[in-house]
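Just so we're clear, the structure is a prediction, and the values are computed from it rather than from any experiment.
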Amino acid sequence: MLSRLGQRSKHTLVRGIPLVSATQSTRLVLSAGLRTKKPMNPNVLLASRRLAHSNAFTPLDTFTRRHVGSGGEEVDIMLKQVGVKNMDELLAKSIPPSIRSSKALAVSKGMTEKELLERLKSIASKNKVYRSYIGTGYTDTVVPNVILRNIMENPAWYTQYTPYQPEIAQGRLESLLNYQTMVSDLTGLPIANASLLDEGTAAAEAMLMTWQAGNRKKNTFIVDINCHPQTIACLKTRAEAFKINVVVTDIFNYNFDEHKKQLCGALIQYPNTHGTVQDYENLTAAIHGAGGQVAVATDLMALALLKAPGEFGADIALGNSQRFGVPLGFGGPHAAFFACKEEHKRRIPGRIVGVSRDAHGKPAFRLALQTREQHIRREKATSNICTAQALLANMSAMYAVYHGPEGIKAIAQRIHNLTQILAEGVRRSGHTISNDGAYFDTLSIKVESAATVCEKALALGINLRTINPQTVSVTLDESVSKKDVSDLISVFAKDDKPINIDDAATILNNGLNAFPSQLKRTSAILQHPIFNSHHSETEMLRYIHHLQNKDLSLVHSMIPLGSCTMKLNATTEMIPVTWPEFANIHPFAPVDQTAGYRIMLDELEKDLEEITGFDAVSLQPNSGAQGEYAGLRCIRAYHESRGEGHRNVCLIPISAHGTNPASAAMAGMNVVIVKCDSEGNLDMADLKEKAEKNKDKLAAVMITYPSTFGMFETGVAEACEVVHKFGGQVYMDGANLNAQIGLTSPGEIGADVCHMNLHKTFCIPHGGGGPGMGPIACKEHLQPFLPGHPLVKTGGQNAIGPISAAPYGSASILPISWAYIKMMGGEGLTHATKMALLNANYMASRLASHYEILFTNENGMCGHEFIVDIRPFGQYGIEAIDVAKRLQDYGFHSPTMSWPVTNTLMIEPTESESKIELDRFCDAMIGIRKEIQQVIDGKLPKKDNMLKSAPHSLEIMMADKWDHPYSRETAAFPVPGLRERKFWPTVSRVDDAYGDRNLMCTCPSPEEYLDQNE
Ligand SMILES: Cc1ncc(COP(=O)(O)O)c(C=O)c1O
């Protein structure tokens, strides 16, 4: 450390800046281009002053100053740059006074980090961590610690953004491709996506895919009664708006021939919810014969031993990959999987990672075309998936990489063998097993009284599933030990006749499996080298870090993506997620075992109500887009309850995020687009005209606030009034809530319901494309309709059906948002909002003399984000994508590109970034502007300059050949600071069009790599 300091001082002297001792209250800071002298962070000064003068009992580990990047003098400098005297003036000039809150946020005072963890530990201790054999799509698992620590608990993985910039995301793209390959192998279907939100919604997506395949004309979808109950409920919710007739029946006795004309498809569960493994081959043929598609909800672990759905003719396979190394988490987050036949590849929902090539012909991964389906198809989309469960998909993929085919088969076989031993023990006690001879890991056991058996189990700390008063089921998993099986046998044994587990284990001597022999898997799984190379912990650790090193995340630099709010995901917020008291709870565990969760959830709901200015909250939706869908469904239910079910028109501004129209369409609404004026504001005249024209049918308007242009529109309250006047409800897209907290709120502005992207405003990390959470908050009149759940009481008195498979969505990440709010307190949250606004205005002001800033208000202010216009450079061949890629050479992730305005960049710094980092980014943008000038001045050719050839990978820099008209040095180190701190893109610019033309979405064979490299 001493020598490093020494080195720095030497450099500083060489550059002519006076040497400053590290003990003085000054420190040296590296910026993108400059070594500057900077006074010690005023927060630190403040803390030391406090130490000297305040009560010695006052704790010092206060959080707000850790969460907010700049303080003290830095704030003064930034305010000065913006041209305002103080924060009050900034706020007065940015936010319309008519919507400013008149009172302070009533959220309790912020806790210190230590206090927070102590309080949460005490709440968590109220959860009872029982052994849960409830199954129903969720089982315990053994999370390999190398994956737990190096992915799930590792900010270099969990702070990544969705890999829309593939050149700096090859690591997670490779891992997601591994996930697709794993799913494709195990399901026996050629095309798999890179995860969906949960099994219930994946089933709903499958239903819609079969409906689309039938040209939206055939409206009957058959669901086997033996599918998981939450899946059936999610399907029904989704089907309503599309008027699909979901028939839940005993599918083996259904006469498909009678329904030939209307049948679009069917869903079966394999093994079914009671554990029965059945041969579906004839059934599949019958469904196909009637013109329907077959979707199979299945279990990846079971498929290691069972014939793959693709091998008995299924068109679609889906399910939850949770048991591949992801904790139960009281319902989530987990990655759902989805695979289908080749012919459906253009209809598959969610993201697909594909293999393409870079500008130099090197193989490279990137997200394939339909990834942005909701943006491309908007109201014609049948899916609104944006944020999914990338981090969890990565964990499951790594689980398969770590265990490999033999390891996975051994785990599956052990689970099955333990289930056979349990079955034998249960039989020896005189019980009948309903699915004897046809199970993988779940036994449905006939008992005299399910209640008595469950009570006996509870006394041993065991949860069973009650199927009916005379049947219980038990689902075993990888974590089960000999003692666990022995305990279970004792639950079923008559008190006077104990069963010896070793005696029961002799059942295995026959060497047979307990399912029909024709269903035994004969095809190989996971043959690709990637699943056969990393089985020691050393190799695994290195593979994880090898991929991690290719990816830029918040551990490297700011990620200023407009509308994405990439703020700090504090370590203290993250720590509780993997505590067993939160991680190891089954979503359908008895209520009295989840008291801790309920305290935390209640407190979170209350705080979110206060922050949004609303009366009730549902924590169920798993993403912002799912929140939109839930909110709009509540609006529809409200209209129906008043005899106004015909209200189905949803007004949406042209600038809205693509998920808005997609969600409206999914909620059964007709979308009417409202124009925006040249300043990016809602065109009030157009809004009034369209609201009036549709007054008899007006259901809702969807408004994003501040707008997607980053503006606090003055007309927002009036827009709400207009829509209310004509009988509509106001849905507020809460993606930009970070600009409102403590200063205004959706409730005060006049909205009726909004969602909150907890993965933006409330610190849940983006995880490379999920997890996320999109709870909704609403006014009292919509509360009765908040989403319910078939197995756990949630929602209002007239609840709409479930939006997610689990009652509280991805419950185990909710402590993150709870902790953020508790540590910031009302004051801290309000301060954060102010700083988010200041940071954006500061950057806009620094960049304004170099680029045109679109859409500032009459005072020249932006909101929490702003748009830089790249269009003027189009005539010189420079597009937004070129600036985005060149930023990678400077070590940054691009801002949001070409949305909401084509060929622009939208920058959102958030409150967490320090002035130093904002300056580093501004310096990079200014440096790029100078490079553009060289092209404008004709000093560099339009087609061959450092922007057009960006990013410059290490391989390209080191190649013998260099025939660009600019130097290698300019390419790689455009500012000196990069010599010390450089992030190298691992491939050159990726060719998207090539990848879409040659869609390949499983791991290419090593030979293919070689071919392309040659
Ligand atoms: C304005 C806006 N609305 C909705 C969404 C969708 O949210 P999610 O990705 O959580 O589904 C986004 C996501 O970026 C957004 O920016």
Go through the steps to decide whether Ile821 and Leu608 satisfy the test side chain to side chain contact (heavy atoms under 4.5 Å, CB included), and finish with yes or no.
CA-CA 9 Å; Ile821 296 171; Leu608 293 178; 4.0 Å; yes
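- Rounded to the nearest 0.5 Å, atoms CZ (Arg351) and CG (Leu196) are 10.0 Å apart.
- Without hydrogens or angle criteria, Arg636 side chain to Gly668 main chain gives a donor-acceptor distance under 3.5 Å.
- The shortest distance between side-chain heavy atoms of Val246 and Met207 falls below 4.5 Å.
- With sequence neighbours excluded, the residues that form a side chain to side chain contact (heavy atoms under 4.5 Å, CB included) with Ala314 are Val296, Pro309, Phe312.
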Can you check side chain to side chain contact (heavy atoms under 4.5 Å, CB included) on Thr139 and Thr141, steps first, answer last?
CA-CA 6 Å; Thr139 66; Thr141 180; 5.5 Å; no
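- Of all non-hydrogen atoms in Ala662 and Asn384, the two that sit nearest each other are CB-CB, 3.9 Å.
- Listed by chain and number, the residues in a ring-ring contact (aromatic ring centres under 6.0 Å, His included) with Tyr705 are Phe712 (sequence neighbours excluded).
- The salt bridge (Lys or Arg N to Asp or Glu O under 4.0 Å) check on Arg633 picks up Glu240, with sequence neighbours excluded.
- In this structure, Asn584 has no side-chain hydrogen bond (donor to acceptor under 3.5 Å, both in side chains) partners at least two apart in sequence or on a different chain.
- For the pair Asn736 (side chain) and Pro706 (backbone), a donor-acceptor distance under 3.5 Å is present.
- Within the 3.5 Å criterion, the main-chain N or O of Leu758 finds no donor-acceptor partner in the side chain of Thr761.
- When side chains are defined from C-beta on, Pro771 counts as touching Leu392, because their heavy atoms get closer than 4.5 Å.
- If you take OG on Ser623 and CG on Leu197, they are separated by 5.0 Å, rounding to the nearest 0.5 Å.
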Walk me through whether Met702 and Leu632 qualify under side chain to side chain contact (heavy atoms under 4.5 Å, CB included).
CA-CA 9 Å; Met702 292 184 90; Leu632 293 174; 3.8 Å; yes
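- Residue pairs meeting the ring pair (Phe, Tyr, Trp, His ring centres under 6.0 Å) criterion with at least one partner in residues 610-633, sequence neighbours excluded, do not occur; the list is empty.
- With Tyr731 contributing its side chain and Glu628 its backbone, the two residues share a donor-acceptor pair below 3.5 Å.
- Qualifying ring-ring contact (aromatic ring centres under 6.0 Å, His included) partners for His781, counting only residues two or more places apart in sequence or in other chains: Tyr638.
- To the nearest 0.5 angstrom, His755 atom NE2 is 7.0 Å from Thr659 atom OG1.
- In this structure, the side chain of Thr237 engages the main chain of Pro802 through a donor-acceptor pair within 3.5 Å.
- A donor-acceptor pair under 3.5 Å links the side-chain atoms of Asn569 to the main chain of Cys763, judged by distance alone.
- Between the CG atom of Leu318 and the CE atom of Met209 there is a distance of 10.0 Å, given to the nearest 0.5 Å.
- Rounded to the nearest 0.5 angstrom, Gln230 CD and Leu791 CG are separated by 6.0 Å.
- Between the OG1 atom of Thr249 and the CG atom of Asn226 there is a distance of 10.0 Å, given to the nearest 0.5 Å.
- What you find for Val326 and His334 is that their closest heavy atoms are CG1-CD2, 3.8 Å.
- Applying the side chain to side chain donor-acceptor pair (under 3.5 Å) test to pairs two or more places apart or on separate chains, those with a residue in residues 787-808 are Arg598-Tyr808.
- No donor-acceptor contact under 3.5 angstrom links the side chains of Arg323 and Thr475, judged on distance only.
- Although no hydrogens or angles enter the test, the distance criterion places a donor-acceptor pair under 3.5 Å between the side chain of Asn127 and the main chain of Gly596.
- Within 6.0 Å of atom NZ in Lys697, 12 or fewer heavy atoms from other residues, nucleotides or ligands are found, so the atom counts as exposed in its surroundings.
- Side-chain contact between Leu328 and Ile585 is absent, with no heavy atoms from C-beta onward closer than 4.5 Å.
- Using a distance-only test at 3.5 Å, with no hydrogens or angles considered, no donor-acceptor pair links the side chain of Asp752 to the main chain of Gln729.
- Looking at Glu379 and Cys650, their side chains never come closer than 4.5 Å, going by heavy atoms from C-beta outward.
- Contact of the Lys218 side chain with the Leu263 side chain is not registered, since no non-hydrogen atoms from C-beta on lie closer than 4.5 Å.
- Listed by chain and residue number, His766 satisfy the ring-ring contact (aromatic ring centres under 6.0 Å, His included) test with His759 (two or more places apart in sequence, or in another chain).
- Take Trp211 and apply the ring-ring contact (aromatic ring centres under 6.0 Å, His included) test, not counting sequence neighbours, and it matches Phe242.
- A distance-only check finds a donor-acceptor pair linking the side chain of Thr201 to the backbone of Asp198 [under 3.5 Å].
- In this structure, Thr612 has no side-chain hydrogen bond (donor to acceptor under 3.5 Å, both in side chains) partners at least two apart in sequence or on a different chain.
- When all heavy atoms of Ile816 and Pro765 are compared, the pair lying nearest together is CD1-CD, 3.8 Å.
- Between Tyr179 and Phe337, the ring centre distance reaches or exceeds 6.0 Å.
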Could you go step by step and tell me if Leu814 and Phe330 meet the side chain to side chain contact (heavy atoms under 4.5 Å, CB included) rule?
CA-CA 11 Å; Leu814 290 173; Phe330 197 33; over 6 Å; no
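- Partners of Asp607 according to the side-chain hydrogen bond (donor to acceptor under 3.5 Å, both in side chains) rule, which considers only residues two or more places apart in sequence or in another chain, are Lys822.
- Side-chain N or O atoms of Gln620 include one that pairs as donor or acceptor with a backbone N or O of Ile803 at under 3.5 Å.
- Closest heavy-atom contact between Asn463 and Ser132: ND2-OG, 2.9 Å.
- In this structure, the side chains of Thr210 and Asp315 stay at 4.5 Å or more apart for every pair of heavy atoms.
- Side-chain contact check for Trp899 versus Ser563: some heavy-atom pair is nearer than 4.5 Å.
- The two residues Ile251 and Ala266 have their closest heavy-atom pair at CD1-CB, 4.0 Å.
- Across all non-hydrogen atoms, the minimal contact from Leu619 to Met773 is O-CE, 2.9 Å.
- Residues passing the side-chain hydrogen bond (donor to acceptor under 3.5 Å, both in side chains) test with Glu573: none are found, sequence neighbours excluded.
- A heavy-atom distance below 4.5 Å is not found between the side chains of Leu235 and Ile244.
- Side chains of Asp733 and Asn660: a donor on one and an acceptor on the other come within 3.5 Å.
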